[in-house]
**Student:** 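Have a look at this one.
The model shown is predicted, which means the values in this text are computed figures rather than measured ones. Values below: all heavy atoms of this structure, side chains included; hydrogens, waters and symmetry mates excluded. FYI, the numbering just counts along the sequence from 1.
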Amino acid sequence: MRFFDAHCDVVMHSYDGPFDFIAGDARPVGKRSHVDLPRLEAGGHCVQLFAVFVTRRYHAERDIPRLARTAIATIHGWAAASEGRLRLIRTAADLRGACADAAPGLRGLIGLEGADPLADAEELREFFDLGVRLVIPAWDDNHFSGTVFGAGGGLTDEGRKLILLAEELHVMVDVSHASDAAFDQIVAL
């Protein structure tokens, strides 16, 4: 059996220093990551979405755009160091073939869990060039959207631009955390 896991926060473990995602995280249980490449392979995963989670609520003291770019570079580094065991998905064809029985190895998708690293919608183009193929407009209320954790507002004008640009670029839009109003507006767009 093959598995497609649509959310994994493992790259957050790199924010405060490296750990060995490729060989396996050897730190004691309770101090190590929930996921590493050997465990994903043993579990039969064919696709893993790596969530780049950088929000103003939890990372306000840091340079959020820079931290997000560093996390994305870390994921690219894992792919490069894996000797083909992890390959990043860049196209719909890559995604469609990822779980084919004859397709060895793990495929990785990069997603932004909350668009806080983006100053505006147009900046999604740069993150697309870096490999981002999924965006959650907001984890907590931000300049794009309201959420279930916040005041429950809908999309802002910049949020509407973000959704339309994601559609243009073929970046998947994940409605996790969206307020009811934002959900309805995203579906309508």
**Student:** Would you give the length of the straight line joining atom OG of Ser82 to atom CD of Glu41, rounded to the nearest 0.5 angstrom?
**Tutor:** 8.5 Å

**Student:** Is any side-chain heavy atom of Val10 closer than 4.5 Å to a side-chain heavy atom of Asp36?
**Tutor:**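 No, every pair of side-chain atoms sits at 4.5 Å or beyond.
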
**Student:** Decide yes or no for Val47 and Cys99: does some side-chain heavy atom of the first lie under 4.5 Å from some side-chain heavy atom of the second?
**Tutor:**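 Heavy-atom side-chain distance check passes, below 4.5 Å.
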
**Student:** I want to check something: taking the side chain as every heavy atom from C-beta on, are Leu164 and Glu168 in contact at a cut-off of under 4.5 Å?
**Tutor:** no

**Student:** For His76 and Leu88, work out which heavy atoms get closest and say how close.
**Tutor:**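 In this case the closest contact between His76 and Leu88 is ND1-CD1, 3.3 Å.
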
**Student:** Take Arg56 and Asn142 through the side chain to side chain contact (heavy atoms under 4.5 Å, CB included) test and state the conclusion after the steps.
**Tutor:** CA-CA 8 Å; Arg56 298 197 192 303; Asn142 65 14; 5.7 Å; no

**Student:** Indicate, with yes or no, if Val35 and Leu49 share a hydrophobic cluster defined by side-chain heavy-atom contacts under 4.5 Å among Ile, Leu, Val, Met, Phe, Trp and Tyr.
**Tutor:** no

**Student:** So which atom in Pro137 and which in Ile186 form the shortest heavy-atom distance, rounded to 0.1 Å?
**Tutor:** CG-CD1, 4.1 Å

**Student:** Measuring from atom CG of Leu109 to atom CZ of Arg90, what distance do you get when rounded to the nearest 0.5 angstrom?
**Tutor:**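 Nearest 0.5 Å value for the CG-CZ distance: 11.0 Å.
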
**Student:** Hey, does the side chain of Thr156 reach the backbone of His143 with a donor-acceptor pair shorter than 3.5 angstrom?
**Tutor:** yes

**Student:** Linking I/L/V/M/F/W/Y whenever their side-chain heavy atoms sit closer than 4.5 Å, directly or via other members, would Leu40 and Ile75 fall into one cluster?
**Tutor:**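 Leu40 clusters together with Ile75.
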
**Student:** Are any non-hydrogen side-chain atoms of Arg69 and Phe127 less than 4.5 angstrom apart?
**Tutor:** yes

**Student:** Just checking, any donor-acceptor pair under 3.5 angstrom between side chains of Asp9 and His7?
**Tutor:**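 Yes - a donor-acceptor pair under 3.5 Å links their side chains.
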
**Student:** Are the side chains of Ser145 and Leu155 in contact, using a 4.5 Å heavy-atom criterion?
**Tutor:**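 Leu155 reaches Ser145 side chain to side chain.
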
**Student:** So how far is it from Gln48 CD to Ile89 CD1, rounded to the nearest 0.5 Å?
**Tutor:** 10.5 Å

**Student:** State plainly whether one hydrophobic cluster holds both Val175 and Ile136, where clusters connect Ile, Leu, Val, Met, Phe, Trp and Tyr through side-chain heavy atoms under 4.5 angstrom apart.
**Tutor:** no

**Student:** Would you compute the distance between atom CG of Asp116 and atom CG of Leu67 and round it to the nearest 0.5 angstrom?
**Tutor:** 11.5 Å

**Student:** Parallel under 30°, tilted from 30 to 60°, perpendicular over 60°: which one fits the rings of Phe21 and Phe50?
**Tutor:**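 Judged by the thresholds at 30° and 60°, the geometry between Phe21 and Phe50 is perpendicular.
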
**Student:** If you take the centroid of each ring, where Trp contributes its six-membered ring, are Tyr15 and His59 closer together than 6.0 Å?
**Tutor:**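 Between Tyr15 and His59, which both carry aromatic rings, the centre distance is below 6.0 Å.
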
**Student:** Return the minimal non-hydrogen interatomic distance between Ala166 and Val173, and the atom names on each side.
**Tutor:**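 Closest approach of Ala166 to Val173: CB-CG2, 3.7 Å.
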
**Student:** Over all heavy atoms of both residues, which pair between Val11 and Ala51 is shortest? Give the atoms and the distance, please.
**Tutor:** CG1-O, 3.4 Å

**Student:** Could you check whether any side-chain heavy atom of His45 comes within less than 4.5 Å of a side-chain heavy atom of Arg107, counting everything from C-beta outward?
**Tutor:** no

**Student:** So, taking the atom named CD1 in Ile163 and the one named CG in Leu189, what distance separates them when rounded to the nearest 0.5 Å?
**Tutor:** 7.0 Å

**Student:** Quick one: are Arg133 and Phe128 in side-chain contact, heavy atoms under 4.5 Å?
**Tutor:**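 Arg133 vs Phe128: side chains touch.
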
**Student:** Not counting sequence neighbours, which residues clear side chain to side chain donor-acceptor pair (under 3.5 Å) with Arg160? List them please.
**Tutor:** Asp157

**Student:** Would you find more than 12 non-hydrogen atoms of other residues, nucleotides or ligands less than 6.0 Å from Arg125 atom CZ?
**Tutor:** yes

**Student:** Determine whether Ile72 and Val52 make a side-chain contact, defined as any pair of heavy atoms from C-beta on separated by less than 4.5 Å.
**Tutor:** yes

**Student:** Taking Glu158 for its side chain and Asp120 for its backbone only, find out whether a donor-acceptor pair lies under 3.5 Å.
**Tutor:**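 It does not hold such a pair.
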
**Student:** Has the side chain of Asp129 got a donor or acceptor atom that lies under 3.5 Å from a matching backbone atom of Glu126?
**Tutor:**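 Not a single qualifying donor-acceptor pair exists.
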
**Student:** Have a look at Leu112 and tell me which of Leu118, Leu134, Val54 forms a side-chain contact (heavy atoms from CB on, under 4.5 Å) with it.
**Tutor:**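 It is Leu118; the other options fail the test.
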
**Student:** Could you tell me the separation between the CG atom of Leu162 and the CD atom of Glu123, rounded to the nearest 0.5 Å?
**Tutor:** 11.0 Å

**Student:** Is the shortest side-chain N to carboxylate O distance from Lys161 to Glu122 below 4.0 Å?
**Tutor:** no

**Student:** Between Ser179 and Ala182, what is the shortest heavy-atom contact and its length?
**Tutor:**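 Here Ser179 and Ala182 meet closest at OG-N, 3.0 Å.
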
**Student:** Evaluate the side-chain hydrogen bond (donor to acceptor under 3.5 Å, both in side chains) criterion for residues Asp140 and Thr55: first the C-alpha distance (whole Å), next the side-chain angles of each, then the deciding distance (0.1 Å), finally the verdict.
**Tutor:** CA-CA 8 Å; Asp140 195 6; Thr55 68; over 6 Å; no

**Student:** Does the plane of the ring in Phe53 sit parallel, tilted or perpendicular to the ring in Trp139? Use 30° and 60° as the thresholds.
**Tutor:** perpendicular

**Student:** With His177, which of Phe183, Phe144, Phe149 fulfils ring-ring contact (aromatic ring centres under 6.0 Å, His included)?
**Tutor:** Phe149

**Student:** Is Leu95 linked to Ile110 within one hydrophobic cluster, defined over Ile, Leu, Val, Met, Phe, Trp and Tyr using a side-chain heavy-atom separation of less than 4.5 Å?
**Tutor:**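 In one cluster with Leu95: Ile110, no.
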
**Student:** With a 6.0 Å cut-off (strictly less than), is the heavy-atom count around CG of Asp184, excluding the residue itself, greater than 12?
**Tutor:** yes

